[in-house]
Student: 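Structure incoming, see below.
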Amino acid sequence: SSDGAFGSCQLPGACLMTVTTAFPSMVDAIITALGNASSLSGVRVFDGAQIDFSYPGDAVAIGHDGSFGDTEQQVGTIQNVPFAFTDLHEEEGTISCSLWSQDGTTDIKSRRTRAFALMSAVDTVIRQDPTFGGIALYTLLSTNNISYRQTDFGVAVVIDFSISYQAQT
């Protein structure tokens, strides 16, 4: 039996590197924080592809890149690098997210204003606790892509964004 960077080994030659990731905990913490934010009251918060566009409304999806239909979604990325001579790993991750504002009308100006208010509310939640209770060393809003969509439920303004984080596991 040996211990070290490859974890605990019971059989000679059977050592496998085990890596713990903060990614699932980060996704859960972000969903919980956004769901509890008073500034996002009435806004649906989805976990990934649970999304439905069955009625107009405002929503945020965590772990969703904004693509729909038969397109494969990019949920996020993780880079996990072990520190030399320790059991610690430095993890850098990016979580794909999407938000939209839609109210059944064709008033693009009001939907754009509302979508950016939602984006500001998400950013404020992140800045209030950038460690998400100690899961990460830091978290930040890192990218934004804006699009307009005309649907049977009126115009929607969609902002696809990423939340980046760094953690030690």
Student: Side-chain donor-acceptor contacts of residues 107-115 below 3.5 Å, not counting sequence neighbours, with atom names and distances?
Tutor:
| residue | atom | partner | partner atom | Å |
| --- | --- | --- | --- | --- |
| D107 | OD1 | K109 | N | 3.3 |
| D107 | OD1 | S110 | N | 3.2 |
| D107 | OD2 | S110 | OG | 3.0 |
| S110 | OG | D107 | O | 3.1 |
| R111 | NE | D103 | OD2 | 3.4 |
| R111 | NH1 | S101 | OG | 2.5 |
| R111 | NH2 | D103 | OD2 | 3.3 |
| R112 | NH1 | Y148 | OH | 2.9 |
| T113 | OG1 | K109 | O | 3.0 |
| R114 | NE | D58 | OD2 | 2.7 |
| R114 | NH2 | D58 | OD2 | 3.2 |

Student: Could you go step by step and tell me if F116 and N144 meet the side-chain contact (heavy atoms from CB on, under 4.5 Å) rule?
Tutor: CA-CA 11 Å; F116 278 92; N144 297 294; over 6 Å; no

Student: Let me confirm one number: the CH2-CG distance from W100 to L118, rounded to the nearest 0.5 Å.
Tutor: 10.5 Å

Student: Checking the side chain of S162 only, and the main-chain atoms of T94 only, is there a donor and an acceptor separated by less than 3.5 Å?
Tutor: no

Student: Working to the nearest 0.5 angstrom, can you tell me the gap between R127 CZ and T139 OG1?
Tutor: 12.5 Å

Student: Quick one: does any side-chain atom of Q168 pair with a main-chain N or O of L137 as donor and acceptor, under 3.5 Å?
Tutor: no

Student: Find out if a path of hydrophobic residues (ILVMFWY) with successive side-chain heavy-atom gaps under 4.5 Å connects I146 to V43.
Tutor: yes

Student: I need the minimum non-hydrogen distance between A167 and A22, along with the two atoms involved.
Tutor: CB-CB, 3.9 Å

Student: Rounded to the nearest 0.5 Å, how far apart are CE of M119 and CG of L99?
Tutor: 5.0 Å

Student: Got a second to check how far Y165's OH is from I126's CD1, nearest 0.5 Å?
Tutor: 13.5 Å

Student: For H64 and F46, what are the C-alpha separation, side-chain angles and deciding distance, and is it a side-chain contact (heavy atoms from CB on, under 4.5 Å)?
Tutor: CA-CA 9 Å; H64 191 291; F46 292 105; over 6 Å; no

Student: Calculate, to the nearest 0.5 Å, the distance between atoms CD1 and CD1 belonging to I163 and I95 respectively.
Tutor: 6.0 Å

Student: Tell me whether L140 shares a hydrophobic cluster with I30, the cluster being built from Ile, Leu, Val, Met, Phe, Trp, Tyr side chains joined at under 4.5 Å.
Tutor: no

Student: Looking at OG of S41 and CG of N36, how far apart are the two atoms once the value is rounded to the nearest 0.5 Å?
Tutor: 11.0 Å

